[in-house]
Amino acid sequence: MRIWDVDVRLLCDRHLLGEHRELHAIWTVQTEGKRGYSRHPETLRWRGRLAALYARHEAQVVEMGRRGFRHASPLDRAHATGETTQTEFVDPPDAQLRRLAQLGCDCVRSRTAGGGTLSGSPSDDAVSRAIRAQHPK
């Protein structure tokens with residue numbers, strides 16, 4: 001179970017759709033008091049941050065639409081309470097980008113800031129650009 005803390009545009013289709021499915025699982029645990037995964041670290045870090053989780057979902061929906069996926073599972077905005085920003089990370093976002101770049105999928109590599117598709121293994125330069133895009137000054 002994982003919600004990445006990087007721009008959804010940097011995720012490949014598989015990770016974007018997988019994250020969307022997991023976000024719904026976390027949302028259900030948090031809003032309906034379900035017990036499954038209620039003590040999972042990923043679930044716990046969203047406690048008190050349903051507004052931020054809702055915002056992440058909305059970003060996913062926009063990106064899914066941009067890629068031609070149809071979305072049919074809206075969240076109830078009435079539950080979007082608490083903090084609007086996620087500040088608690090299992091791994092820092094720059095470490096997450098590096099992990100994504102090493103997975104061998106299209107995450108980060110073909111979606112790095114500055115455009116263009118990178119060939120071969122992702123370079124530190126590409127990962128650095130993606131990190132800078134995530135954390136503008």
Side-chain angles (χ1 to χ4, degrees):
M1 180 170 277
R2 172 167 214 126
I3 305 296
W4 298 94
D5 298 296
V6 300
D7 191 316
V8 293
R9 294 173 297 179
L10 296 174
L11 300 176
C12 67
D13 290 350
R14 183 173 60 103
H15 284 110
L16 175 64
L17 296 175
E19 178 183 286
H20 179 255
R21 180 182 63 247
E22 292 177 358
L23 186 147
H24 273 275
I26 292 170
W27 184 266
T28 300
V29 167
Q30 298 277 348
T31 62
E32 297 178 20
K34 300 288 184 177
R35 298 179 76 199
Y37 293 104
S38 64
R39 294 197 171 141
H40 190 282
E42 190 65 33
T43 303
L44 292 173
R45 80 184 188 100
W46 291 98
R47 255 198 198 141
R49 293 179 176 88
L50 288 178
L53 192 61
Y54 183 88
R56 179 66 177 189
H57 180 265
E58 293 307 296
Q60 290 172 347
V61 170
V62 168
E63 184 60 17
M64 288 165 62
R66 193 183 70 73
R67 295 184 194 187
F69 293 111
R70 202 169 44 96
H71 180 264
S73 55
L75 299 179
D76 183 353
R77 189 177 192 144
H79 293 296
T81 59
E83 297 293 323
T84 58
T85 305
Q86 176 57 275
T87 57
E88 194 175 307
F89 308 117
V90 174
D91 299 312
D94 58 339
Q96 292 179 41
L97 284 169
R98 286 187 180 85
R99 178 181 290 161
L100 283 165
Q102 294 170 348
L103 290 177
C105 57
D106 278 342
C107 284
V108 180
R109 257 199 316 250
S110 63
R111 294 173 171 79
T112 54
T117 300
L118 303 172
S119 57
S121 60
S123 68
D124 287 332
D125 225 24
V127 174
S128 296
R129 282 197 308 273
I131 291 169
R132 284 193 302 275
Q134 280 298 115
H135 303 286
K137 292 180 174 142

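Note that these values count all heavy atoms, side chains included, but never hydrogens, waters or copies made by symmetry.
Residues meeting the side chain to side chain contact (heavy atoms under 4.5 Å, CB included) test with Phe69, sequence neighbours left out: Asp13, Leu17, Met64, Arg67. For Glu19, the side-chain hydrogen bond (donor to acceptor under 3.5 Å, both in side chains) partners are Arg56, Gln60, not counting sequence neighbours. Judged as a salt bridge (charged side-chain N to carboxylate O under 4.0 Å, His left out), and not counting sequence neighbours, the contacts of Arg99 are Asp91. The side chain to side chain contact (heavy atoms under 4.5 Å, CB included) check on Pro41 picks up nothing, with sequence neighbours excluded. Applying the salt bridge (charged side-chain N to carboxylate O under 4.0 Å, His left out) test to Glu83 and every residue at least two apart in sequence or in another chain returns nothing. With sequence neighbours excluded, the residues that form a side-chain hydrogen bond (donor to acceptor under 3.5 Å, both in side chains) with Gln96 are Asp5. In this structure Thr85 satisfies the side chain to side chain contact (heavy atoms under 4.5 Å, CB included) test together with Thr87, sequence neighbours excluded. With sequence neighbours excluded, the residues that form a side-chain hydrogen bond (donor to acceptor under 3.5 Å, both in side chains) with Ser73 are His24, His71. Residues meeting the salt bridge (charged side-chain N to carboxylate O under 4.0 Å, His left out) test with Glu58, sequence neighbours left out: none. The side chain to side chain contact (heavy atoms under 4.5 Å, CB included) test applied to Val62 returns no partner, not counting sequence neighbours.
Once rounded to the nearest 0.5 Å, the distance linking SG of Cys105 with NE2 of His15 reads 4.5 Å. Separation of atoms CG (Leu100) and CG (Leu10) is listed at 8.0 Å; rounding is to 0.5 Å. Taking CG of Leu97 as the reference point, atom CD of Gln102 lies at 11.0 Å (rounded to 0.5 Å). To the nearest 0.5 Å, the span separating CG on Leu53 from NE2 on His79 amounts to 12.5 Å. Interatomic distance, Ile26 CD1 to Arg47 CZ, rounded to the nearest 0.5 Å: 12.0 Å. How far OH of Tyr54 is from CG of Leu75: 6.5 Å, rounded to the nearest 0.5 Å.
Ile3 and Tyr37 end up in the same hydrophobic cluster when Ile, Leu, Val, Met, Phe, Trp and Tyr side chains are linked at under 4.5 Å. Criterion: ILVMFWY side-chain heavy atoms under 4.5 Å apart, direct or through other members. Under it, Val29 and Leu23 are not part of a common hydrophobic cluster. By the criterion of side-chain heavy atoms lying less than 4.5 angstrom apart, applied directly or through intervening Ile, Leu, Val, Met, Phe, Trp or Tyr residues, Leu103 is grouped together with Val6 in one hydrophobic cluster.
Listed by first then second residue, pairs satisfying salt bridge (charged side-chain N to carboxylate O under 4.0 Å, His left out) with a partner in residues 68-78 number zero, not counting sequence neighbours. Residue pairs that meet the salt bridge (charged side-chain N to carboxylate O under 4.0 Å, His left out) test with at least one member in residues 25-43, sequence neighbours left out, are Glu42-Arg45.
Put simply, the side chain of Gln30 gets close to the backbone of Thr43: a donor and an acceptor are under 3.5 Å apart.
Proximity of Trp27 to Leu50: side-chain heavy atoms (C-beta onward) are separated by under 4.5 Å at one or more points.
Here the shortest heavy-atom pairing between Cys107 and Leu11 reads SG-CA, 3.7 Å.
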